[in-house]
Amino acid sequence: MAAATLDQVLAVCAANRERDLADLVRLLRQPSISAEDSGVAECAALVQQFFLDAGFAPTLLPTAGHPMVFAERSGAAGQPTVLIYGHYDVQPPDPVAAWVSPPFEPAIRDGRLFARGAGDNKGQFFAQLAGVRAWLETAGELPVNVKFLIEGEEETGSPHLEALVAEHRELLAADLVYTSDGPVIDDAYPIVVYGVRGLLYVELTARGAKHDLHSGNWGGIAPNPAWTLVRLLNTMLDADNNVVIPGFGDDIQPVSPRMRRAMDAIPLDQARSLAELGIGQLPPPAGVPYFDRLMARPTLNIAGITSGYGGAGSKTVLPAEATVKIDMRLVPNQDPDDIFDKVSAHVRAVAPEVKIQRLGSMRPSSTPLDHPFAVPVRRAVERGFGSRPVDVPLLGGSLPDAVWTKTLGLPSFLVPYANHDEANHAPNENLVVERFYAGIRTAAALLAELAGGRPMPAPGSR
Ligand SMILES: [Zn+2]
């Protein structure tokens, strides 16, 4: 009996184009706004049905919030297991009046499918399912073991993901994690992302007198908490924008030659990107390349300062309170708990009267660029998109990727399928339809590449 090859599966994908798109449209018609608990349970049931129809035996994993859909096919003895993550919930569609066509009535214009969730994330996780089911339709089984975890509250910050993953370690046991979410940098080339910066968000509060005072009657008598904060902040960052809180940089890893090559190879027109933002030149330190700033260096960003009077004209007030919100983007190996301790110790040492409050955090995460599974992932993307992917060592932003790399200890690859202008979280969210199909081909190719590119025996031939 003939073996099922990737070429055969891709031919089935080509034959399935209309049905795959129709299924995605059906999924997009079902609202699933986690923030408003609107349609989420119905959408979870629909996602389950799609997995059932494809030949899986899906289950709903309950959480304290919305359930996650889990489905697996683990019949490929001796082959690796890929855990595919995605989310079926969407952002609220407001402002609805700004949509050209209603957010939950999918419409195709200019080769793009417009609907809330088209790119973020229904169109992307459904591409994975469509690629996998093409294998099942061609061969009756899969060349590798595949598990899906499709979350229902990613858009509200994945509040239960960490606990669920920790609780279901055995169920989720795998060799790698594969996620398609977010947009590419430029539609001209696909990307493979290997990690994310972490985050620590704190608020500092300084207090002076019991209430605001007349700055003439009390200036020189009452302390000014705004100055207290300014002086404290000035001890945290030097003129070269290096964070100088003791111990802050202890765990930062040097840039490896492999990472250097990858950063240098990202084809971004930096001058144009700066010009678009109205930025004349990069801030200090001089000589640090563009992507080092996003991938190799942490930041300590003043997100907002509030104190006294900021309105029109003048008011001679001596403020009673000052607060500053600070977000720190952390690079791999920095731990938000440890950094919080170090920032707290610094505040205690320099300005013990200032209160520090932790508002949130996320661990950084990274998978080595030379991880053995990076090879099949890159090959699959090249096969699906028809061009070689660009390696992006780290996203400047933060995602809960450490759930995979640290809690489960697995390599994790993020391969966005959506166009750079998918308008996720915004009106007129859209997915270029051809990119949906490229995603389906990539998912199908991923299974073949993970199986070593070897043809899989057709049913009955073993
Ligand atoms: Zn989103």
Side-chain angles (χ1 to χ4, degrees), residues 70 72 74 76 78-86 124-125 128 131-132 142-151 158 161-162 164-166 168-182 190-198 251 253 255-259 261-263 295-296 330-335 362-384 388-395 397-417 439 442-443 445-453:
F70 176 78
E72 73 173 306
S74 294
Q79 292 290 354
T81 299
V82 56
L83 172 61
I84 297 175
Y85 167 75
Q124 301 204 52
F125 92 71
Q128 323 282 36
V132 171
L142 302 179
V144 295
N145 304 299
V146 177
K147 298 180 178 181
F148 280 93
L149 183 68
I150 310 298
E151 190 185 349
S158 300
L161 181 63
E162 172 77 46
L164 181 132
V165 167
H168 293 284
R169 273 170 211 282
E170 266 117 90
L171 187 69
L172 299 173
D175 296 293
L176 73 156
V177 178
Y178 182 81
T179 305
S180 294
D181 201 359
I191 56 175
V192 176
V193 180
Y194 295 81
V196 296
R197 281 202 289 196
D251 296 322
Q253 296 162 314
V255 173
S256 69
R258 180 72 184 78
M259 183 166 168
R261 279 206 308 281
M263 290 194 293
M295 301 180 187
L330 308 178
V331 294
N333 245 21
Q334 288 186 298
D335 172 47
M362 198 174 276
R363 291 173 293 173
S365 168
S366 77
T367 293
L369 289 153
D370 56 1
H371 193 283
F373 281 125
V375 177
V377 168
R378 281 197 285 264
R379 278 206 201 118
V381 176
E382 184 169 359
R383 189 74 197 256
R388 196 168 263 210
V390 167
D391 286 331
V392 174
L394 214 67
L395 287 186
S398 305
L399 294 168
D401 192 51
V403 168
W404 318 123
T405 57
K406 290 185 173 148
T407 306
L408 290 184
L410 299 176
S412 170
F413 303 92
L414 180 65
V415 179
Y417 296 157
T442 302
L446 178 68
L447 304 199
E449 294 294 347
L450 287 174

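As the structure is a computational prediction, the values presented were derived from the model and not from experiment. Residue indices begin at 1 and follow the sequence shown.
- Residues D401 and L395 form no side-chain contact, since every pair of their non-hydrogen atoms from C-beta on lies 4.5 Å or further apart.
- You'll find the side chain of L149 reaches within 4.5 Å of the side chain of L164, heavy atoms only.
- For the pairing with V381, the side chain to side chain contact (heavy atoms under 4.5 Å, CB included) check across I191, V415, V390 returns one residue only, V415.
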Side chain to side chain contact (heavy atoms under 4.5 Å, CB included) between V331 and M295, intermediate numbers included: CA-CA 7 Å; V331 294; M295 301 180 187; over 6 Å; no
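- With hydrogens and angles disregarded, no donor-acceptor distance shorter than 3.5 Å links the side chain of S365 to the backbone of G195.
- Interatomic distance, CD of E72 versus OG1 of T81, reported as 8.5 Å (0.5 Å rounding).
- Side chain of Q124 to main chain of G182: a donor-acceptor pair is present (N/O by atom type, distance under 3.5 Å, no hydrogens or angles).
- The aromatic rings of H371 and F413 lie perpendicular to each other, with more than 60° between the two planes, well past the 30° mark.
- Put simply, CD1 on I150 and OH on Y85 are 8.5 Å apart, with the number rounded to the nearest 0.5 Å.
- Within the 4.5 Å cutoff, no side-chain heavy atoms of L369 are placed close to those of R261.
- Ion pairing of D391 with R378 is present here, as a side-chain N (NZ or NE/NH1/NH2) and a carboxylate O approach within less than 4.0 Å.
- Atoms CG and CD1, from L447 and I84 in turn, are 6.5 Å apart once rounded to the nearest 0.5 Å.
- If you take CG on D251 and CG on N333, they are separated by 5.5 Å, rounding to the nearest 0.5 Å.
- Contact check for F373 versus T367: no side-chain heavy atoms found under the 4.5 Å cut-off.
- Under the 4.5 Å side-chain criterion, counting only non-hydrogen atoms from C-beta, E151 is not in contact with F125.
- Two residues are said to be in side-chain contact when any heavy atoms from C-beta on lie closer than 4.5 Å; S412 and K406 fail this criterion.
- A 4.5 Å side-chain heavy-atom check between W404 and L161 finds at least one atom pair inside the cut-off.
- Shown here for A443 and Y417, the closest heavy-atom pair between the two residues is N-OH, 3.9 Å.
- Here CG of L408 is found 12.0 Å from NE2 of H168. Values are rounded to the nearest 0.5 Å.
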Full working for side chain to side chain contact (heavy atoms under 4.5 Å, CB included) between L414 and L399: CA-CA 11 Å; L414 180 65; L399 294 168; 3.8 Å; yes
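- Annotation for P143 and A76: closest pair O-CB, 3.7 Å, computed over non-hydrogen atoms.
- To the nearest 0.5 Å, atom CZ of residue F148 and atom CG of residue L83 are 9.5 Å apart.
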Verdict with supporting geometry, L176 and V377, side chain to side chain contact (heavy atoms under 4.5 Å, CB included): CA-CA 10 Å; L176 73 156; V377 168; 4.2 Å; yes
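- Side chains of L394 and R197 form a contact here, defined as non-hydrogen atoms less than 4.5 Å apart.
- Listed here is the closest heavy atom pair of M362 and S398: SD-C, 3.8 Å.
- Considering every non-hydrogen atom in both P372 and P376, the closest pair reads O-CD, 3.2 Å.
- A donor-acceptor contact shorter than 3.5 Å is absent between the side chain of R379 and the backbone of A445.
- Between T407 and E162, the closest heavy-atom pair is OG1-OE2, 2.7 Å.
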Verdict with reasoning, Q79 to L450, per side chain to side chain contact (heavy atoms under 4.5 Å, CB included): CA-CA 8 Å; Q79 292 290 354; L450 287 174; over 6 Å; no
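- Checking side-chain atoms of E449 against main-chain N and O of A380 turns up no donor-acceptor pair under 3.5 Å.
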